[in-house]
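Let me begin by presenting the structure, written as structure tokens, before commenting on it.
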Amino acid sequence: MAVDAALGGSSLTFAYAVLKDLWVYMKHRRRHVKDLLDNLKYLGDEAGILYGRWHDNEEDIDRRAASIQRSRQHEAWKKVVSRLLDDYSKIIAKYRKMTGATGNQRRQEAEARKDIPLADLTRPVKPKAVIRMEDAKDLDVVPSHQNKLAELLRELLPCGVEAEAEAEAEAEAEAEAKAKLKRIAICGEAQVGKTNIMKNLNNWFDSCPPSAKLDYVIWVTVPTNLHEKKDVIKTIQESILRRLELTEQISTIDKNKDTISTELREKSYLLLFEGFSSSIQLGEIGVFEEHKHGIVVIETTDPVLLRSFGFDQKIKVEKLPHNDSRKLFDKIMEGEKLSKECYDLVGLILKELGGLPGVISFIAMLLKSKIDVEFWGTIKDKLTADVGESEDLGLGGLFKAFEIAYEGLKEDRCKSCRLYAALFPKEFTIPINVLVECWKAEDFLCCPIPTFPKARGDGIYVLHKLTELSLLENCSEQYVKMPILFRRFAIRTSFPGEEVGTSYVRSGPEIDGHLTDEEWEKARRVSLIGSRLEKLPMSPICKGISTLFLQHNPNLRIIGETFFTSMKKLRVLDLHSTGIQLLPPSISSLTALRSLYLNNCDGLTKLPPKIVKLTKLEVLDI
């Protein structure tokens with residue numbers, strides 16, 4: 001009994017222990033089952049979020065395909081995400097098989113989520129190294145401009161693109177030793193073809209040999225309609241950033257500068273500026289000397305910029321010689337049969353176009369539209385005329401170039417001196433000493449001490465300003481002349497502080513050198529140089545006239561006795577190379593006259609006694 005009791009007690013104790021362990025075990029497993037359901041729900045939410053995040057990024061990349069593309073890291077991430085989503089699908093499948101329960105693989109897919117950083121999945125698409133300038137005119141028919149392009153390339157590629165590998169290596173080592181940003185100026189007067197040469201330079205790098213390839217060739221047109229320096233700088237910066245496809249990083253001037261500098265610092269680049277301002281430094285834009293693989297080429301007519309900017313090289317573009325002008329014209333006319341009369345007009349027309357390629361191209365296309373001798377003759381007459389509108393010939397752009405250069409003369413005296421030179425006939429070589437004497441007589445010069453040495457000093461200063469801006473051309477040390485086409489606009493421009501239409505120019509052997517009574521009355525300055533003049537009105541009313549040019553009229557032999565009676569404000573009278581034999585008594589009325597030119601008047605043998613009344617006379621050239 002004791003044994004049985006003992007055995008029975010042991011069995012009960014053992015059974016209790018087993019039941020207790022089973023209860024603990026089942027309780028633990030029950031918690032695991034509950035945790036499994038919660039975790040499965042949580043896993044489903046996370047899988048939905050992961051899927052949504054990936055889907056959003058894929059759509060973003062597709063939308064921005066023009067500026068970014070999938071990187072290698074994108075492929076690595078894609079494998080990770082695919083594996084995680086695949087594992088989740090397998091777990092759900094097993095759970096369904098075991099329990100028959102349903103799961104939601106995409107629960108809360110649309111809820112707010114943190115994106116996978118797009119930068120981890122993509123890399124920027126590198127902008128094209130060169131964007132071709134499709135409007136560039138071919139230089140094949142303009143040898144002088146081809147030579148300028150070759151000169152530019154020698155500056156940019158000192159080794160030559162055909163160099164041997166060893167020579168290139170040496171040049172690279174030498175370049176590294178003295179590496180710095182290189183600056184080159186393309187200079188010359190307006191409309192001479194500088195911009196087209198730069199466009200051809202831009203396009204050359206689009207098909208250049210591999211050894212000459214650059215990371216970027218960037219074209220920037222500097223705005224001329226903005227007056228604030230900061231606005232000009234910001235516009236230039238934004239143009240560069242758009243070219244680099246960094247539009248999203250456009251910000252303030254300082255941040256733009258840092259972005260541009262960072263992007264270009266280690267790059268090989270050519271920065272082409274169409275125009276520039278002498279008040280702006282490259283560093284203010286973000287282009288610095290330490291950009292050792294960078295080259296800047298600036299097209300300019302600004303003499304201040306050329307003096308102060310510190311260029312490593314200046315390449316001057318001249319107007320086309322006649323042969324190049326003819327080749328360009330003939331290329332445009334290619335395939336057209338010209339009559340002898342039209343062919344004979346070509347030389348006369350080209351002479352009037354002043355060797356400016358853009359103007360030659362436009363007029364040639366205009367003439368090509370109608371191969372007719374009468375039409376061509378009309379165009380020639382319009383071009384050779386001293387007066388008349390030029391916009392109808394498509395020269396409005398040239399007029400704008402004249403205006404810009406003219407407005408670049410800050411002082412009215414420089415503007416007046418410039419317009420005064422237009423009183424002389426086209427292609428006329430103007431003696432510098434006579435021009436300065438006339439300027440002084442008209443009080444255009446700054447002469448605190450009114451002596452001729454002081455006046456000549458200021459006159460030379462003004463001449464230097466005018467020739468710098470290509471508003472006058474040096475012919476020699478003693479002569480200047482005015483560019484033909486610019487002269488047309490100068491004649492139509494009023495002197496500072498004066499009314500329009502007070503200067504009358506009737507110069508040239510084909511011109512009838514006569515004015516109406518109304519024109520004489522309005523006139524401030526009259527030029528009848530070399531105009532087949534044989535007689536003058538008896539006593540014109542012209543109380544405001546200050547300059548009268550009658551020179552180079554050998555058939556003018558008589559001046560009426562009362563001709564000068566009303567010209568009490570006349571300061572300059574030029575009669576040289578006329579056929580006059582006497583000066584009329586009314587010469588004594590010219591009490592304001594300062595300069596009188598009678599040289600080469602072979603028929604004039606004596607001066608009238610009343611000339612002593614010209615008490616303000618400073619120059620008498622006999």
Under 4.5 Å between any side-chain heavy atoms of [X] and [Y], yes or no?
| X | Y | value |
| --- | --- | --- |
| D517 | I541 | no |
| Y504 | S527 | no |
| H145 | P357 | yes |
| L139 | N196 | yes |
| K415 | D412 | yes |
| Y597 | C438 | yes |
| L573 | F564 | yes |
| L320 | S144 | yes |

To the nearest 0.5 Å, how far apart are [atom1] in [X] and [atom2] in [Y]?
| X | Y | atom1 | atom2 | answer |
| --- | --- | --- | --- | --- |
| R532 | N553 | CZ | CG | 10.0 Å |
| T221 | F273 | OG1 | CZ | 10.5 Å |
| H514 | R506 | NE2 | CZ | 11.0 Å |
| S546 | E498 | OG | CD | 7.0 Å |
| L419 | S494 | CG | OG | 8.0 Å |
| D574 | H552 | CG | NE2 | 7.5 Å |

Inset, instruction - Could you tell me how the ring of F424 sits relative to the ring of F428: parallel (under 30°), tilted (30 to 60°) or perpendicular (over 60°)? - result: parallel

Inset, instruction - Quick one: sort the F444 and F495 rings into parallel, tilted or perpendicular, breaks at 30° and 60°. - result: parallel

Testing the basics here: between [X] and [Y], what is the closest heavy-atom pair and its distance to 0.1 Å?
| X | Y | answer |
| --- | --- | --- |
| A455 | V436 | O-CG1, 3.9 Å |
| V505 | A422 | CG2-O, 4.2 Å |
| C187 | K194 | C-CD, 3.4 Å |
| S278 | L305 | CA-CD1, 3.7 Å |
| L614 | L590 | CD2-O, 3.1 Å |
| R418 | L466 | CB-CD2, 3.6 Å |

Inset, instruction - Among T591, V526, L548, find the residue that satisfies the side-chain contact (heavy atoms from CB on, under 4.5 Å) test when tested with L570. - result: L548

Legend entry - Option from L271, L282, I298 for which side-chain contact (heavy atoms from CB on, under 4.5 Å) with R183 holds: L282

With a sphere of 6.0 Å drawn around [atom1] of [X], does it hold more than 12 non-hydrogen atoms of other residues, nucleotides or ligands?
| X | atom1 | answer |
| --- | --- | --- |
| E341 | CD | yes |
| L348 | CG | yes |
| K569 | NZ | no |
| Y343 | OH | no |

Can you check whether [Y]'s main-chain N or O pairs, donor with acceptor, with [X]'s side chain at less than 3.5 Å?
| X | Y | value |
| --- | --- | --- |
| T562 | M538 | yes |
| T467 | L472 | no |
| N200 | D138 | no |
| S239 | T235 | no |
| E299 | G275 | yes |
| Q237 | I253 | yes |
| K314 | L306 | yes |

Inset, instruction - Let me know which of R571, R525, R594 forms a side-chain hydrogen bond (donor to acceptor under 3.5 Å, both in side chains) with E442. - result: R525

Charged N-O contact under 4.0 Å between [X] and [Y]:
| X | Y | result |
| --- | --- | --- |
| E437 | R456 | yes |
| E274 | K199 | no |
| R413 | D458 | yes |

Inset, instruction - Apply the test side-chain contact (heavy atoms from CB on, under 4.5 Å) to residues K229 and I280: give CA-CA distance (whole Å), side-chain angles for both, the deciding distance (0.1 Å), then the verdict. - result: CA-CA 7 Å; K229 176 180 173 180; I280 295 174; 4.2 Å; yes

Inset, instruction - Apply side-chain contact (heavy atoms from CB on, under 4.5 Å) to M567 and C542, showing your working. - result: CA-CA 6 Å; M567 301 184 188; C542 41; 3.4 Å; yes

Inset, instruction - Tell me, with the steps shown, if L620 and L607 meet side-chain contact (heavy atoms from CB on, under 4.5 Å). - result: CA-CA 11 Å; L620 175 60; L607 298 176; 4.3 Å; yes

Legend entry - Steps toward side-chain contact (heavy atoms from CB on, under 4.5 Å) verdict (F309, T300): CA-CA 11 Å; F309 203 70; T300 184; over 6 Å; no

